[in-house]
Amino acid sequence: MLRIYNTLTNKKEEFVPIEPGKVKMYVCGMTVYDLCHIGHARVLVVFDMVTRFLRSSGYDVTYIRNITDIDDKIIQRANENAEDFTKLTGRFIEAMHEDAAALNILPPDDEPKATAYMDDIIKMVSDLIDKGFAYAGDNGDVYYAIDQFKTYGKLSGKKLEDLRAGERVAVDTNKKDPLDFVLWKAAKPDEPSWDSPWGKGRPGWHIECSAMSTCCLGNHFDIHGGGQDLQFPHHENEIAQSEAATGEKFVNVWMHNGFVRIDDEKMSKSLGNFFTIREVLKQYRAEEVRYFILASHYRSPLNYADSLLDSAQSALARLYTSLRGMDIKSGDLDDESVSRFNDAMNEDFNTAEALAVLFDLANKINKSRNDEPEDAIKYASTLKNLAGILGLLEDNPDEFLKSAAGGDISDDSKEIDSLVNERIQAKQDKNWQRADEIRDQLHAMGVELEDNGQQTSWRRV
RNA sequence: GGCGGAAUAGCAAAGUGGCUAUGCAGUGGAUUGCAAAUCCAUCUACCUCGGUUCGACUCCGGGUUCCGCCUCCA
């Protein structure tokens, strides 16, 4: 039985799909005006893990992750570059897909772009006006009238009077209430715009997600995810828009992942303290980044530090080393490990606990590989199978251990192999001095040797 | 100020009313020509003050500290 922490109720709840056996999930994706950073990587990895686990549990999952390809920052950045905004967004969408592929993120079932849903967005804004939840200002903007939606604040636990007391909402004389938010923005000269009943303009950010999620998944769906910072106001506003427009409940379960931090401070573009995914991938293998993210619970804060990525590297090397040389067969699995793994994952996706099961399996493989090879193969199959649910250990072990971070830098594998062979000969000749010389030389190249009887294998460290 | 989250060994990170989490690092041993890998053993824990209890890191209450949201943000 799967239990998920629901931000809407602030507790773990048994997951009951709307339609038996099916899960419809929408996750807020990127605003594509720049490269993805490690914080984005966390959203990608976390909801990829959720999707994989749900599928492995037998659910038919429809996973939608949108792309925001029109907003203030995109327009601003395109102006700075003196290029068409679609050229800018196209470039960063491509970059995002490359980063996601590197991190072994399965493509979502659909990846709607806001600009492709203009008709639906305009329709939803019109509906909201018709139903009295929205109004057009004199300046051509359309606003959502927050006091018309009685349960506003239920997701974020905010009260309207507290929000008003905050005094952080900019005063806009076109709004009836300072807390009202924009659904449709009138275009300024030279801005990209779309025709609408209120004149040329473009959608506000929140309405895009309401329209796209409803179009792709229907009025009422199972899971809506995103980063913690989207809880308010973005997701709060989505609820207000969608439930007012359709008259139905919007989403059953709201999932929010915690932030990546640098020195205990949120990593964000506005703070400028971020590392892009591709920067990090110059130094570390993508799977190490994935492991690093999955090693802590998805709702916890996650500090980014080189030492933690180094630790992830060693941990993955241990797992891959246990699989090296094992003839993996599908079929017979270790039931106890499988149920421990599933129990952990069913308890709000406890990936840290699930990883502990993988390490126990590695230990069992190592213990049994010489004396009980059949058992070892069973444990290895189990390890490979369970790790696959987390999107880990899918490489060939030997290739992973020999691969270098940063991708296809100068390939010196042939040189390494020939040195290793020379050393094997030296060892046979009991020429220990030459053998150690070669080992030191390889060590300086970042290569660690492992003698195993007559065999010698190597890996990069 | 309002709301929410968190404090676990050197680092990171799960979890539980009494029973070894796990990984990285350290120490001792086995193994090895010496290493590495591996195995075995082992050192470091549960912010603080009270309360409940036969027994609390785990439950309850009060502190302290940190973080997030309240404005664009994954």
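Protein chains get the first letters and strands the later ones, always in sequence-line order, with residue 1 at the start of each.
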- Query: With sequence neighbours left out, what residues match A:V251 under side-chain contact (heavy atoms from CB on, under 4.5 Å)?
  - Reply: A:F221, A:H224, A:W254
- Message: Using a 6.0 Å distance limit plus a 45 degree cone around the ring axis, check whether A:R65 lies over the aromatic ring of A:Y26.
- Response: no
- Task: Considering only atom C1', compute the distance from B:G26 to B:A12 and round it to an integer number of Å.
- Result: 15 Å
- Rounded to the nearest angstrom, tell me the gap between atom CG in A:L155 and atom P in B:C70. 13 Å
- Message: Under 4.0 Å from OP1 or OP2 of B:A37: is there any side-chain N or O of A:N452 that close?
- Response: no
- Task: Please report, rounded to the nearest Å, how far the P atom of B:A37 is from the OH atom of A:Y320.
- Result: 19 Å
- Note on the structure: For A:N363, the side chain to side chain donor-acceptor pair (under 3.5 Å) test, sequence neighbours excluded, returns A:K367
- Query: Along nucleotides 18-32 of chain B, 5' to 3', which nucleotides get a B, which get an S, and which get a -, given that the test is a protein heavy-atom distance under 4.0 Å?
  - Reply: ---BSBS--------
- Message: Among residues 93-105 of chain A, which ones have heavy-atom contacts with RNA chain B below 4.0 Å?
- Response: none
- Look at A:E13 together with A:R3 and state whether they make a salt bridge at an N to O cut-off of under 4.0 Å. no
- Treat a base pair as Watson-Crick or G-U wobble with both distances under 3.5 Å, then lay out RNA chain B in dot-bracket form, 5' to 3', with | for cross-strand pairs. (((((((..(((.....[...))).(((((.......)))))....(((((..]....))))))))))))....
- Task: For A:D375, enumerate each residue passing the side chain to side chain donor-acceptor pair (under 3.5 Å) test, keeping only those at least two apart in sequence or located in another chain.
- Result: none
- Close residues, residues 69-79 of chain A, relative to RNA chain B [heavy-atom separation under 4.0 Å]: A:K73
- Task: Give every residue pair that meets the side-chain hydrogen bond (donor to acceptor under 3.5 Å, both in side chains) criterion with at least one member in residues 32-46 of chain A, sequence neighbours excluded.
- Result: none
- Task: Name all residues meeting the salt bridge (charged side-chain N to carboxylate O under 4.0 Å, His left out) criterion together with A:K185; count only those two or more places apart in sequence or in a different chain, and write none if there are none.
- Result: A:D72
- Task: Using a cut-off of strictly less than 4.0 Å between a heavy atom of the residue and any atom of RNA chain B, enumerate the qualifying residues of residues 430-445 of chain A by number.
- Result: A:W432, A:D436, A:R439
- Query: Do A:K158 and A:F232 meet the cation-pi criteria used here (NZ or CZ under 6.0 Å from the six-membered ring centre, within 45° of the axis)?
  - Reply: yes
- What distance, rounded to whole Å, do you find between the two C1' atoms, one in B:A30 and one in B:U58? 38 Å
Taking N or O atoms only and anything under 3.5 Å, show me the protein contacts with nucleotides 64-67 of chain B, one pair per line.
from	atom 1	to	atom 2	distance (Å)
B:C67	O2'	A:R261	NH2	3.1

- Considering residues at least two apart in sequence or located in another chain, which fulfil the side-chain contact (heavy atoms from CB on, under 4.5 Å) criterion with A:P397? A:Y320, A:L323, A:R324
